[in-house]
Amino acid sequence: MSNSEKFNVFLKKGLVYTLFALILLTTFFYSLKNLTVKPRFWVDEGVTIELARNFTEYGVLDIQVAPGRFSGFGHMLQSSGYPLTTLLSGVFRIFGYSVAVERVVMLLVMLSALSAIFLFCRSLFGEDKALLSVILVATFASFHGSGRTAVGEIPGFIFLLTSLYLGILKDFNFLSGIFLGLAMVTKPSVFLLAGPAFLISVLLDKNRNRVRKIVAGGTGILPPILMWIFLAVGSPFSANIWSDILNFYRNPYASADMQGNIIANLYGLLDSSTMLYLGVLYFLVILCRYFSYNPSIKSVCNFIIAYGVFAFAYYLRSPGWLRYLLIAELMALLVLPESLDLIFSRLFRRINLNNQISRRVCMFIVCILAMAQTFQFLFFSNIYASDSIIKAADFVNREFPGKSVGVLNSIGLASLIDSKDRYLHAYLTGLPPIGGDFISSGIRPEILIFSQDGLVDGIVAEIPDSYEVFSSVDGYEIHRIRK
C-alpha cells in the first residue's frame, strides 16, 4: 500500500470515528433537554428505582409498603433485574436519590449501547456499515423511549451483544453464557427468549463444536441466575414461590382471554406500521443469512431470526404491547446495512456494475431511512412527556417534611416520597395487591395523596371524613388529616 493510499485510509477512518462521536454527542445533548419529563415517569420505572432505593437503605430488592415492612413479592417484582437496580443503588449512594440522577445514568447506558453496537458491527461488517447501523438505532424512536427510562431493555441489550460477540466471534463460550445470563435477569420477560434462540442458532451452526458450545454457554448462564435467586428470592426452596414466578411469567398481563389477544393482534398486523416495518426488516435479515458467505454473520442472523420468532409469539399473547418487540427490531436494524449491500452487490454484478456503486446505494438508502426515522421520532412518536408525578412528589416533600404519607395506587409517586413514614396500597398488572388497605385497617397517615384515575376497584373509593382537601397538583389530590 502506497503512502497516498495509507493516507486515504487514515482520512476515511478519521471521518467514520468523527461521525460516530457526533452521533454520541447529538444523542447526549438532545436527550438532556427534556430528560426527566420525556418520556414521562411511569410505573415500571418507579418499581425499578424503589427497589434500588430499598437495596441502598435496607439491602432488600422489594417495595416498602409501610415503615419497615415490605410487600413480600420481591421475587415477582424483577421486571428489571438486579444488574440495573444494583447499579442505580450504587449511584444513588454516591450522588443522592432523584429522577435526574436515574435518568442521567440511563442516558449513559444509551451511549454505551450505541458504542457496543459500533464495536459489535465493526467486528462483523467493517467500520462503514457499523456506523450506518449506529445511525439507524440512534434515530429509532423506541430506542429513546425505552432507553431513557430505568427499565431493563437497553442494559440487557448491551449484555446480549457482548454475549454474541464473545460466543460467535471469539468462541469464549463460558463468558458468552455469563453475559447471556445477565441479559436474561436484567429483563426476564424480554431476554429469557434469548436462551432458546441461542440454542437454535448453535444447532444450526454446522461448522463449530456444538455440544461444547452448548455445555459451556449453558454453564455460564447459571452464575447470574444463581445471583438473582440469592438477591431476589427470599425462600428459594419454597415450591409456592416458584409456582408464583412461573404463573406470573406465563401470563404477566393478567389477561383472562389470551386467545382473544392473539386473534386481535393478528387482525391488527396489517394496520400497524410498526409490524409492517418489522416484517420488512426481518425479510432482509433472512436474505442476509442466505446471501452471506461469512459463517459468523450467518450465526448472528440465525440468532436474530430465531429470537424474532419467539418475541413475535410472546407479543401475540400480550394485550398488544409492542415493547416486547423492541430488541427484535434493534437486532434487525443492526444487520440492515449488510443486507442491503449483499442484495445490491449481487444485483449489480449481474449487470456488470462496480461493487462500489452498490455500497453507495446502500448508504443512500440507509440515510433516507434514518431521515424518515428521525422525522417520525421528532413529530409522530408516541413518547409522552409529563412531569406530573415529579411535581406532586416534590410538593409533598417540600410542604410536609417528616410527615407520614399514604399513597394510593401510584408506585411511581410513592418511590419519590422522601418520608420514612410512608404507606402504600397499589396494584400492578399480573400481581396481587401491593400493600394492604391501610385506611380500612385504621391507619391514618397525616397526608394522603392519590389520583382519582388511580382509585380502581379494590383501592379505597371514599376518603374518610377525617381528611380534608389541602391541594391539587397536576391531577393528584393531596389530603391532610383534620386537626
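F157 and F191 have their aromatic ring centers separated by at least 6.0 angstrom.
The backbone N or O of A150 sits less than 3.5 Å from a side-chain atom of E102, completing a donor-acceptor pair. Side chain of S98 to main chain of V101: a donor-acceptor pair is present (N/O by atom type, distance under 3.5 Å, no hydrogens or angles). Using modelled atom types, no side-chain atom of S272 and backbone atom of G268 make a donor-acceptor pair closer than 3.5 Å. Between the side chain of R103 and the backbone N or O of R148, at least one donor-acceptor pair lies under 3.5 Å. Looking only at distances, a side-chain donor or acceptor of N409 sits under 3.5 Å from a matching main-chain atom of Y427. Remark: side-chain polar atoms of R53 are not paired, donor with acceptor, to backbone N or O of Y97 under 3.5 angstrom. Side-chain N or O atoms of K213 include one that pairs as donor or acceptor with a backbone N or O of G167 at under 3.5 Å. Checked by atom type and distance alone, the side chain of S201 never pairs as donor or acceptor with a backbone atom of F303 at under 3.5 Å.
By the 4.5 Å heavy-atom criterion applied to side chains, Y165 and F179 are not counted as neighbours. Annotation: side chain of V47 is not in contact with side chain of D44 (no heavy-atom distance under 4.5 Å). Considering only heavy atoms from C-beta on, F118 stays 4.5 Å or farther from L24 through its side chain. With contacts defined as side-chain heavy-atom distances shorter than 4.5 Å, the pair I158/T186 does not qualify. Taking 4.5 Å as the limit, every side-chain heavy atom of C121 sits out of range of all side-chain heavy atoms of L131. Residues F125 and V335 are in side-chain contact: their nearest non-hydrogen atoms beyond the backbone lie under 4.5 Å apart. The side-chain heavy atoms of Y82 and W228, taken from C-beta on, include a pair separated by under 4.5 Å. At least one side-chain heavy atom of V151 sits less than 4.5 Å from a side-chain heavy atom of S146.
A distance of 11.5 Å separates CZ of R317 from CG of N265, quoted to the nearest 0.5 Å. How far CD1 of I168 is from CG of D205: 8.0 Å, rounded to the nearest 0.5 Å. Taken from CZ in F143 to CD1 in I117, the straight-line distance is 5.5 Å, to the nearest 0.5 Å. Considering CG of L416 and CG of N397, their distance stands at 8.0 Å, rounded to 0.5 Å. Distance check: S71 OG to L431 CG gives 8.5 Å after rounding to the nearest 0.5 Å. I411 contributes atom CD1, which lies 7.0 Å from atom CG of L77 (distance to the nearest 0.5 angstrom).
Here the closest non-hydrogen pair linking F159 and P83 is CE1-CB, 3.9 Å. Taking all atoms of both residues into account, the shortest heavy-atom contact from S79 to P188 is O-CD, 3.7 Å. Of all non-hydrogen atoms in G46 and F41, the two that sit nearest each other are CA-CZ, 3.7 Å. Between C362 and P337, the shortest heavy-atom distance links the atoms SG-O, 3.3 Å. Closest approach of V190 to Y307, counting heavy atoms only: O-OH, 3.0 Å. For I389 against S410, the heavy-atom pair with the smallest separation is CD1-OG, 4.5 Å.
Legend: side chain to side chain donor-acceptor pair (under 3.5 Å) pairs involving residues 84-96, not counting sequence neighbours, sorted by first then second residue: T56-S89.
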### Task
Test side chain to side chain contact (heavy atoms under 4.5 Å, CB included) on L203 and I214 and set out the steps.
CA-CA 9 Å; L203 292 175; I214 291 171; 3.9 Å; yes
### Query
Step by step, would you call K38 with K33 a side chain to side chain contact (heavy atoms under 4.5 Å, CB included)?
CA-CA 9 Å; K38 187 176 182 181; K33 185 173 59 174; over 6 Å; no
### Task
Would you please test D128 and L132 for side chain to side chain contact (heavy atoms under 4.5 Å, CB included) and show each step?
CA-CA 7 Å; D128 294 356; L132 295 178; 5.8 Å; no
### Task
For D171 and R212, run salt bridge (Lys or Arg N to Asp or Glu O under 4.0 Å): C-alpha distance rounded to whole Å, both residues' side-chain angles, the deciding distance at 0.1 Å, then the answer.
CA-CA 10 Å; D171 209 28; R212 177 177 60 84; 3.2 Å; yes
### Task
Could you give me the CA-CA distance, side-chain angles and deciding distance for F140 and F377, then say whether side chain to side chain contact (heavy atoms under 4.5 Å, CB included) is met?
CA-CA 7 Å; F140 191 56; F377 170 44; over 6 Å; no
### Task
Quick one: do Y324 and Y314 satisfy ring pair (Phe, Tyr, Trp, His ring centres under 6.0 Å)? Show the steps, please.
CA-CA 7 Å; Y324 288 139; Y314 200 69; 4.8 Å; yes
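Partner of I221 under the side chain to side chain contact (heavy atoms under 4.5 Å, CB included) criterion, chosen from V185, L226, L180, L182: L180. In summary, of the residues considered (V405, I417, I434, L413), a side chain to side chain contact (heavy atoms under 4.5 Å, CB included) with L424 occurs for I434 alone. Checked against L334 for a side chain to side chain contact (heavy atoms under 4.5 Å, CB included), the options L124, L164, L161 give a single hit: L161.
Scanning for side chain to side chain contact (heavy atoms under 4.5 Å, CB included) contacts around T27 gives I23, S31, M110, L111, L114, A138, H144, with sequence neighbours left out. The side chain to side chain contact (heavy atoms under 4.5 Å, CB included) search around N54 returns E50, Y58, Q64, F70, not counting sequence neighbours. Partners of S176 according to the side chain to side chain contact (heavy atoms under 4.5 Å, CB included) rule, which considers only residues two or more places apart in sequence or in another chain, are S163, L166. When the ring pair (Phe, Tyr, Trp, His ring centres under 6.0 Å) test is applied to F310, no partner is found at least two apart in sequence or on another chain.
For the pair R40 and W42, the cation-pi test (distance below 6.0 Å, angle within 45°) is failed.
Side-chain polar atoms of Y17 and E127 form a donor-acceptor pair below 3.5 angstrom.
The local environment of CZ in F395 is crowded, with over 12 non-hydrogen atoms from other residues, nucleotides or ligands closer than 6.0 Å.
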Report all side-chain donor-acceptor pairs from residues 274-294 shorter than 3.5 Å, counting only partners two or more places apart or in another chain.
unit_1: Y277; atom_1: OH; unit_2: Q373; atom_2: OE1; d: 2.6
unit_1: Y282; atom_1: OH; unit_2: I304; atom_2: O; d: 3.2
unit_1: Y282; atom_1: OH; unit_2: A328; atom_2: O; d: 3.3
unit_1: R289; atom_1: NE; unit_2: N302; atom_2: OD1; d: 2.8
unit_1: S292; atom_1: OG; unit_2: N294; atom_2: N; d: 3.1
unit_1: Y293; atom_1: OH; unit_2: R346; atom_2: NH2; d: 3.0
unit_1: N294; atom_1: OD1; unit_2: S296; atom_2: N; d: 2.8
unit_1: N294; atom_1: OD1; unit_2: I297; atom_2: N; d: 3.4

